[in-house]
Number of protein chains: 2
Amino acid sequence: MTTSSSPGRSAADRTRPRTRAPRNTLNRERVLDAAVDLLDRAGPDAFTMRALAERLGVATMAVYSHFSGKDEIIDAVRVRLLAEADLPSRRPEGGERPGPREEVRELCRAAYRLLADHPSVLHLLAARPPDGDEFTLFAERTLEALLRAGLERREAASAYTALTQFTVGAALWAAGSRKRRAAQACREAGAGPGGGTARPAGPAGLPADRYPHLVGLMPELADAVRDGTAQYERGLDALLTGLLG
Amino acid sequence: MTTSSSPGRSAADRTRPRTRAPRNTLNRERVLDAAVDLLDRAGPDAFTMRALAERLGVATMAVYSHFSGKDEIIDAVRVRLLAEADLPSRRPEGGERPGPREEVRELCRAAYRLLADHPSVLHLLAARPPDGDEFTLFAERTLEALLRAGLERREAASAYTALTQFTVGAALWAAGSRKRRAAQACREAGAGPGGGTARPAGPAGLPADRYPHLVGLMPELADAVRDGTAQYERGLDALLTGLLG
DNA sequence: ACCTGAACACCGTTCAAGT
DNA sequence: ACCTGAACACCGTTCAAGT
């Protein structure tokens, strides 16, 4: 897929043995920094213990001194990212404190942004979805706002769950469409600019007689997927209306 | 993790060369049958070209005569499952035709059930989310009902997208909680029934002073995750209310 | 305690060969 | 055309060894 770019050290470097790393070059934090970076840059498939170690300038097995294995690293990355979400400040400096509905909206937006900025986290969430209580700060503040909005305890828990589920699903969609768009651009670049006879009828080869509405609404559906953020906000508004009345 | 159960042939069988398979034992359909079965039974991690071939009673490379590789098989599995969703019949035999809102509800329920029954599809969806137009029949009928409910073209496309996003997110949550519950049961069985001193304070070790609402609502949150279907329906109703007014 | 290199049991896939 | 086995370049992880 990529050309022969070596991300860490050159092939020549990798051949001769690296100068031995100082005794305490590594710690959990440095490993996690590199893991998040590698995951976001290269994607989950390229997230390899060997690649991670190379990025740290260290032998592969050095990482095992600080983590029991790849799974523990993945768990730690997930916990860190979910905990570090850039949430809106609790007390806005200048303006009024927003109403509970507006605060829930802002919190969800922040969660969506986090997932959109770190597409690889989605892969981790899919492989091992969070406990619900792993969003900690996000959960705490969202639940508080939902209760303040007048919801009962059960209703608040249920609403929080629904909001989180929707947010993850929407982010998943956006990440997928981004990936697909990149793949398509790559394909078209490879095929060259000579496609005059392409696309005979249905945009995806779908029979328009069997799926009239689907084919007819294709442009609108493409729009909805294209601008993930705007689409997310529309859905979020609808969900909030249904949840808060 | 598992005991030494060999899913396909015994270790002795695997040692001596298998009797050569007849010329046309394999075809795309048989491969996909086995793939879906293996995926649902053993999970995505155990979904291996070697395991798949063994289940088919065939050498590993035989599969490559019908599929270009693992990715193509995964794509085909996803398309097949999404296309084969067990949707509610278009014309109910006895009763009245339901209103558009009720029909959308039933369609979404069917989609959720499909994802819940095939948890591994979720992994595939996460790795390469669908085009939106891969749900074909589901999309066609949902879009039709949304238009019938009075939505504009853009609104219908947006609403369909939101419903699908929410459905995938909710199914993801349910699958995750199921997996986690199984893992926990396994862990407890291993530890034996001697846990009298466990769980000192917060259910997950969360500081109750930092996360009062989250800790306080833990039972309700656990309930919301426990019965995935009921939780999904509550969220779906809220979303529909917001979308259809 | 922390880091290293070789080795083991896997994986997807290429390739030349069988029928 | 379809199926096979050996081989290649990976992967996560175990292990004995270095400092």
Side-chain angles (χ1 to χ4, degrees), chain A residues 1-2 4 6-9 11 13-31 34-35 38-39 42-77 123-124 127, chain B residues 1-2 4 6-9 11 13-31 34-35 38-39 42-77 123-124 127:
Chain A
M1 195 59 79
T2 63
S4 66
S6 65
R9 305 182 301 141
D13 284 340
R14 224 174 304 129
T15 303
R16 63 174 135 83
R18 174 199 317 99
T19 66
R20 183 171 252 268
R23 0 272 151 200
N24 277 7
T25 25
L26 240 48
N27 53 54
R28 288 178 69 97
E29 199 189 351
R30 257 175 57 70
V31 171
L38 179 60
L39 226 22
D45 285 346
F47 179 56
T48 285
M49 293 301 278
R50 285 170 165 88
L52 180 61
E54 185 168 340
R55 180 168 286 247
L56 287 162
V58 114
T60 306
M61 295 312 301
V63 180
Y64 285 79
S65 298
H66 302 88
F67 290 90
S68 71
K70 195 182 188 183
D71 283 349
E72 195 185 308
I73 297 179
I74 287 177
D75 279 359
V77 166
H123 207 89
L124 311 184
Chain B
M1 195 60 80
T2 64
S4 66
S6 64
R9 306 180 300 140
D13 284 341
R14 223 173 304 130
T15 303
R16 62 173 135 84
R18 170 200 322 97
T19 66
R20 182 171 250 268
R23 359 275 151 198
N24 277 8
T25 26
L26 240 48
N27 53 54
R28 287 177 71 96
E29 199 189 350
R30 256 175 58 70
V31 171
L38 180 59
L39 226 22
D45 286 345
F47 180 56
T48 285
M49 293 301 279
R50 284 169 166 88
L52 180 61
E54 185 168 341
R55 180 168 286 247
L56 287 162
V58 113
T60 305
M61 294 314 300
V63 181
Y64 284 79
S65 299
H66 302 88
F67 290 90
S68 72
K70 195 182 187 182
D71 283 349
E72 195 186 308
I73 297 179
I74 287 177
D75 280 358
V77 166
H123 207 88
L124 311 184

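Convention: sequence-line order gives letters A, B, ...; per-chain numbering from 1.
Note that CD1 of B/Ile74 is 7.5 Å distant from CG of B/Leu39, once rounded to the nearest 0.5 Å. Interatomic distance, CG of B/Leu38 versus CD of B/Glu54, reported as 10.0 Å (0.5 Å rounding). The distance from atom CZ of B/Arg55 to atom CZ of B/Phe47, rounded to the nearest 0.5 Å, is 10.5 Å.
The nearest whole Å value for the distance from the CG atom in A/Asn27 to the C1' atom in C/dA1 is 14 Å. For the pair A/Arg30 CZ and C/dC3 C1', the interatomic distance rounds to 13 Å; values are reported in whole Å.
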Any protein N or O atoms within reach of nucleotides 10-12 of chain C? Criterion: under 3.5 Å, listing atom names and distances.
{"residue": "C/dG12", "atom": "OP1", "partner": "B/Met49", "partner atom": "N", "Å": "3.3"}
{"residue": "C/dG12", "atom": "OP1", "partner": "B/Lys70", "partner atom": "NZ", "Å": "2.9"}
{"residue": "C/dG12", "atom": "OP2", "partner": "B/Met49", "partner atom": "N", "Å": "3.1"}
{"residue": "C/dG12", "atom": "N7", "partner": "B/Arg50", "partner atom": "NH1", "Å": "2.6"}
{"residue": "C/dG12", "atom": "O6", "partner": "B/Arg50", "partner atom": "NH2", "Å": "3.2"}

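Listed candidates were C/dT13, D/dC3, C/dG5. Nearest to the side chain of B/Thr60 is C/dT13. Each of C/dC2, D/dT4, D/dT13 was ranked by its minimum atom distance to the side chain of A/Met61; first place goes to D/dT13. Closest to the side chain of B/Val58, out of D/dT4, C/dT13, C/dG5, is D/dT4.
Taking 4.0 angstrom as the limit, B/Thr25 places a side-chain polar atom (N or O) nearer than this to OP1 or OP2 of D/dC3. In terms of phosphate contacts, B/His66 brings a side-chain nitrogen or oxygen within less than 4.0 Å of OP1 or OP2 of D/dC3.
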Exercise. Pairing of DNA chain D as dot-bracket, 5' to 3': ( ) intra-strand, [ ] crossing, | other strand, . unpaired, with Watson-Crick or G-U pairs under 3.5 Å?
Worked result: ||.|||||...|||||.||

For this session: Any chance you could lay out the side chain to side chain contact (heavy atoms under 4.5 Å, CB included) test for B/Arg28 and B/Val31, step after step, and finish with the verdict?
Result: CA-CA 5 Å; B/Arg28 287 177 71 96; B/Val31 171; 5.7 Å; no

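When the shell of 6.0 Å around CD of A/Glu29 is examined, it contains 12 or fewer heavy atoms from other residues, nucleotides or ligands.
Put simply, the side chain of A/Met49 reaches to within 4.5 Å of the side chain of A/Ile73, judged on heavy atoms. Within the 4.5 Å cutoff, the side chain of B/Leu52 has no heavy atoms near those of the B/Lys70 side chain.
For A/Ala76 against A/Phe67, the heavy-atom pair with the smallest separation is CB-CE2, 4.1 Å.
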